[in-house]
Number of protein chains: 2
Amino acid sequence: MTGYAVREAIRDQLGHFWSESFGQIYPALSKLAADGFIERTPSERANSSLFSLTASGERRLTDLLRSPVEASPPRSGLMLRLFFGRATGVPAAVDLISDARDAAAAQLELFAGLRTLGAAEVARGLDADHWPWWLITISAGEHTARATIVWADESLAALALMDG
Amino acid sequence: MTGYAVREAIRDQLGHFWSESFGQIYPALSKLAADGFIERTPSERANSSLFSLTASGERRLTDLLRSPVEASPPRSGLMLRLFFGRATGVPAAVDLISDARDAAAAQLELFAGLRTLGAAEVARGLDADHWPWWLITISAGEHTARATIVWADESLAALALMDG
DNA sequence: GCGGTCATGTAAGTGGTTACATGATTAG
DNA sequence: CTAATCATGTAACCACTTACATGACCGC
C-alpha cells in the first residue's frame, strides 16, 4: 500500500486506540525501506510508491507485536484539574466531570456502531478470523468508557452533597 | 518551594496520574519567573532558590485548572498488539492480557493503600478539605483498574475457547 | 571524612504534530 | 474544467526524557 493508504488504514481501523500523522509515516517508511523491512515498488501512478513487507520485515513485525508493552508515564489533564479542585471550586469540577461523562457516553455509542458494523461484515463472510481480535479491542474501550460513566456519576453525586 | 521539592511533590502526590522530569521543571520555572507568574527568592542554602506564586500566577493557575481538558491522541500499545492478534497467535495475546491484568490488580492494591493512608490523615485532622478531591482521583483509578480486570478476564475466557 | 540526599541546570536525542509546498488523478 | 481526493515529502517546532555535570548540606 501507499503511505497515504497506511495513514487512512490507521485512522479508520485503529482510530480508537492509535494515531499517526504524515510527518511520522513518510520518514518511517523511508527508514524501514532502508533497513530492508519493507520494499518500495513504483506504482502505476506518477511519483507514488507501493510498499510491502519483506520476509525480514514480517519477522520484525511479529517480534514487536509480541514484545511486552512498556508503560507510558501517566498524564491525565482531567485528574490533575480535579486534584486541585479545592482551588477551582465545585462548579468547575462538575463541568469537567460532566464533559468526561459525555465523551465516554459518545464513545460507547461509537463502539456499539463498530460492533454492529463488524457483525454485519462477519455475517457476509468477511474477516471472520480477524473479528475476535477486533472485538477484544472494542470490548476494552467499552469497559473503560462504562467505568468512566459510573465514576462520573458517583463523583457528581459526591460533589452535589459537598456543595449543599 | 524549590524546584527539587516541586518534583518530589509531583512524584509523591500526583504520581498516579501525572509525572514531570527535572529537564522539564527547571526550564519551566525559569520561564514562569520571567513571565511574572512565580517569584524567585534566594533560599538560605547556597545556589538554591525558593519559588512562590505571585498574584498573577495564582490567577493564571486557576484559569488553567478550569480550562477544558484537551484530548490527547490515543496510543495504546496493548490494543495495537491485540488488534493484530491473528498474526501473533493466542498464546502471545494471553501473555499480554495477563500482564495487563496483573498491573491493574497491583494498582488496585496501591489505591487501597492510598485510601487508608488518606483516611488516617483526615482522622488526625489534616487536609480535611482536600481529601474529597484526592478521593475523586483515587476512585477514578480504581474504576478503570477494575474495568481492566473484568475486561481481561472476559477476554482470556474468550481466547481459551478460541484455542480449543 | 564520606556517603546520601538536596539542589540546579544543560545537552543530546526522541517522538511527535502542524503547516507548508507540490503535484497527479479522478469525478462530476 | 474544476474541485476534491490521492499522494509525497520537508521544515519548524514542541514536549519530553535521559544522562551528564556540578556542587551544597547533613548525619554518622
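To find a chain, count down the sequence lines: A is the first, B the second, and so on, and within it residues start at 1.
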Problem set entry | Nearest-Å distance for atom pair OH/P, residues B/Y26 and C/dC6 | 11 Å
For this session: Verify whether the ring centers belonging to B/F84 and A/W133 lie closer than 6.0 Å.
Result: no
Exercise. Is a side-chain donor-acceptor pair under 3.5 Å present for B/S48 with B/S43?
Worked result: yes
Exercise. Over how many whole Å does the gap from B/D12 atom CG to C/dT5 atom P extend?
Worked result: 14 Å
For this session: Give the intermediate values and the outcome of side-chain hydrogen bond (donor to acceptor under 3.5 Å, both in side chains) for residues A/S67 and B/R81.
Result: CA-CA 9 Å; A/S67 71; B/R81 285 163 175 77; 3.1 Å; yes
For this session: Please state how far atom NZ in A/K31 lies from atom C1' in D/dG9, giving the value in whole angstrom units.
Result: 18 Å
Problem set entry | d(CD, A/E8; C1', D/dC6) in whole Å | 8 Å
Side-chain donor/acceptor pairs under 3.5 Å, residues 29-39 of chain A, sequence neighbours excluded:
unit_1: A/S30; atom_1: OG; unit_2: A/Y26; atom_2: O; d: 3.3
unit_1: A/K31; atom_1: NZ; unit_2: A/D35; atom_2: OD2; d: 2.9

For this session: Quickly work out the A/R11 CZ to D/dT5 C1' distance and round it to whole Å.
Result: 11 Å
Exercise. Should the pair A/E20-A/R11 be classified as a salt bridge under the 4.0 Å nitrogen-to-oxygen rule?
Worked result: no
For this session: Remember a base hit wins even if backbone is also touched, and classify A/R40 as base, sugar-phosphate or nothing at under 4.0 Å, heavy atoms.
Result: sugar-phosphate
Seminar exercise, completed: B/S/- along nucleotides 16-28 of chain D (protein heavy atoms under 4.0 Å) is BBB----BBS---
Exercise. Parallel, tilted or perpendicular: which fits the ring planes of B/F22 and B/Y4, with parallel below 30° and perpendicular above 60°?
Worked result: parallel
Problem set entry | A/Y4 OH to C/dT26 P, straight-line distance once rounded to whole Å | 14 Å
Problem set entry | Between P of C/dT10 and CG of B/L29, the distance in whole Å | 12 Å
Exercise. Could you go step by step and tell me if A/R40 and A/S49 meet the side-chain hydrogen bond (donor to acceptor under 3.5 Å, both in side chains) rule?
Worked result: CA-CA 6 Å; A/R40 163 184 248 138; A/S49 320; 3.2 Å; yes
For this session: Remember a base hit wins even if backbone is also touched, and classify A/S49 as base, sugar-phosphate or nothing at under 4.0 Å, heavy atoms.
Result: sugar-phosphate
For this session: Rounded to the nearest angstrom, tell me the gap between atom CD1 in A/I25 and atom P in D/dC6.
Result: 14 Å
For this session: Name the nucleic acid region contacted by B/S43, choosing base, sugar-phosphate or nothing; use a 4.0 angstrom heavy-atom cut-off, strictly under.
Result: nothing
